[in-house]
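All figures in this text were calculated on a predicted structure; none of them were measured in a lab. Here is how names work: the chains are called A, B, and so on, in the same order as the sequence lines, proteins then strands, and each is numbered from 1.
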Protein chains: 2
Amino acid sequence: MTEAAQTLHQRILDEIEGRIVSGEWPPGHRIPFEMELAAHYGCSRMTVNKALTQLARAGLIERRKKSGSFVTQPRGQSAVLEIADIKTEILALGLPYACDTRRRAVRRGRAADGFAPPLPPGARVLEIACVHLAGPRPFCLEERAINLAAVPEAEAADFSETPPGLWLLRQVPWSAAEHRIRAVAASAAEAEALGLAPGAACLEITRTTACGERPVTRVRLLYPGDRHTLAARFTPTG
Amino acid sequence: MTEAAQTLHQRILDEIEGRIVSGEWPPGHRIPFEMELAAHYGCSRMTVNKALTQLARAGLIERRKKSGSFVTQPRGQSAVLEIADIKTEILALGLPYACDTRRRAVRRGRAADGFAPPLPPGARVLEIACVHLAGPRPFCLEERAINLAAVPEAEAADFSETPPGLWLLRQVPWSAAEHRIRAVAASAAEAEALGLAPGAACLEITRTTACGERPVTRVRLLYPGDRHTLAARFTPTG
DNA sequence: GCCTTTTTCATGTATATACATTTTAAGCCG
DNA sequence: CGGCTTAAAATGTATATACATGAAAAAGGC
């Protein structure tokens, strides 16, 4: 037997998902009622209900009382983007990691810092600029502002071993984040720091992180466009 | 009463998520056993179990038999990227949409088409190049290859009203996709088509779509870097 | 016929129970 | 003490049941 002993829950999930992604049940199609599926699989309605609830959470079906469950129309191409920590990413390439801090200062927050939600007026902010090196080559330019009210320990922290991103991930895990991804031309200073020609195409990721209502940090990461690629994947059930 | 009548399931979910994202229960912390939570909320173990199962699927906690459930260490910054259909996106900006097809041909598939999984040898491929226009201005350059074995209807389809991406989304919904996002300098031809200076920074999205084992399409989208931004969001429970 | 009321039906949530699974801890014995 | 067996503990899966909810269809009144 190559077939693994899978649970009924998983089997129902897989079979219905299969019918949807194969197009056998196109968007708008009403899938069988819970009672019918329960009879088909010889199980109780609860078992079917849990599987369908999961499909609904994944966005594959939409459930309407009295009417039944319907295959949804995919609204767009959504995908899961995994942005690894920079140090981890470089080490995964088999290269030695180093962080060269160019600037570090404590100042008052400005509106231009772009925190979301906005900083309270007069908040103290730690500003850091550094270059992440993969071996001898510059890998990424980082400009970061940290809300010291949210993470006071940052003022005394040393970011030469653990870069700010990873350090913050350990201090403030599981915060919410918003990303903006753009292509920009490198300024003269940025090109010099990254070892590129001025005006070279770069991938810019701006991330705003908040913990509940409290803004934590905002960072701008600049990657040489010809050397870095982001990957995102989409699978119906994830 | 401003408080909505929420279900117990949701309340358990929210409270535990709140404790995790606030840092009150840091990574590695063992959360109360199902029986303890059931006693605390005055409900049955099943109700707690369903909530914890959902948190585990979201990746917030890890469950170990006999030992209990533990808050996980976030492995990196992951986020959900929503890539809307181009026509929808332009119409959402309040601009009229148009699609200018520059090239359209049927030819044999090549390895350079980059399908995943690879095309069978000699497969027929529909090749399309077009410029998406937002009002008078070029918005995005599209180069696409469609596997005619997977979508034979594409050969006769007209993409002036419905662009290829949206058309395919209707024909082959719920397929799996892989995205690569890079910053590139526009070539002379690309710059001309987009109304940019040669070498201008552009955001390049390459998407490979497959339906099960069958490759469906591969597309390269080129956006002017200074005019387009991708947004991605992360929230613990999604 | 049209509007309102009632009924019906599918899903939503929750319960108590049962047994399987897996991993840790305890117990036993040489 | 070390290695084996055994029991206990917590999660995993599934059942049967109950009632709530909301929307569509049927029934009723004018």
> Rounded to the Å, how far apart are A:Arg45 CZ and D:dA20 P?
Replying inline: 15 Å
> C:dT23, D:dT11, C:dG12: which one has an atom nearest the side-chain heavy atoms of B:Lys66?
Replying inline: C:dT23
> Choosing from D:dT13, C:dA10, D:dA10, which nucleotide comes nearest the side chain of A:Thr7?
Replying inline: D:dT13
>> Please check this pair: side chain of A:Thr208 against backbone of A:Arg218, looking for a donor-acceptor N/O pair closer than 3.5 Å.
In response: no
>> For a quick check of understanding: with a heavy-atom distance under 4.0 Å over all strands, which category does B:Leu52 fall into, base, sugar-phosphate or nothing?
In response: nothing
> What about B:Lys65: does its side chain form a donor-acceptor pair under 3.5 Å with the base of C:dT24?
Replying inline: no
>> How many whole angstroms separate atom CD of A:Glu62 from atom C1' of C:dG12?
In response: 15 Å
> Atom NZ of B:Lys50 to atom C1' of D:dT13: distance rounded to whole Å?
Replying inline: 13 Å
> Within a strict 4.5 Å, meaning less than it, do heavy atoms of the B:Pro74 and B:Pro27 side chains meet?
Replying inline: yes
> Per the side-chain hydrogen bond (donor to acceptor under 3.5 Å, both in side chains) rule, which among B:Lys87, B:Glu142, B:Glu89 passes with B:His132?
Replying inline: B:Glu142
> Applying the side-chain contact (heavy atoms from CB on, under 4.5 Å) test to B:Ile146, which of B:Val125, B:Ile128, B:Val216, B:Val172 qualifies?
Replying inline: B:Ile128
> Nearest to the side chain of A:Cys43, which nucleotide is it out of D:dA23, C:dA16, D:dT15?
Replying inline: D:dT15
>> In this structure, how many angstroms lie between the P atom of C:dA10 and the CE atom of A:Met35, rounded?
In response: 9 Å
> Taking the six-membered ring for Trp, are the ring centroids of B:Phe139 and B:His228 within less than 6.0 Å of each other?
Replying inline: yes
>> What is the distance, to the nearest angstrom, from the CZ atom on A:Arg57 to the C1' atom on C:dG12?
In response: 12 Å
> Does A:Phe70 have A:Arg63 sitting over its ring (NZ/CZ under 6.0 Å from centre, angle to axis within 45°)?
Replying inline: no
>> Under 4.0 Å, heavy atom to any atom of DNA chain C: which of residues 9-21 of chain B qualify?
In response: B:His9
> Does B:Ser22 reach the main-chain N or O of B:Gly18 with its side chain, forming a donor-acceptor pair under 3.5 Å?
Replying inline: yes
> Any idea which of C:dG12, D:dT15, D:dA24 is nearest the A:Ser67 side chain?
Replying inline: D:dA24
>> If you only use heavy atoms from C-beta on, which nucleotide in C:dT17, D:dG12, C:dT13 is closest to the side chain of B:Asn49?
In response: D:dG12
> Rounded to whole angstroms, how far apart are CZ on B:Arg63 and C1' on D:dG12?
Replying inline: 9 Å
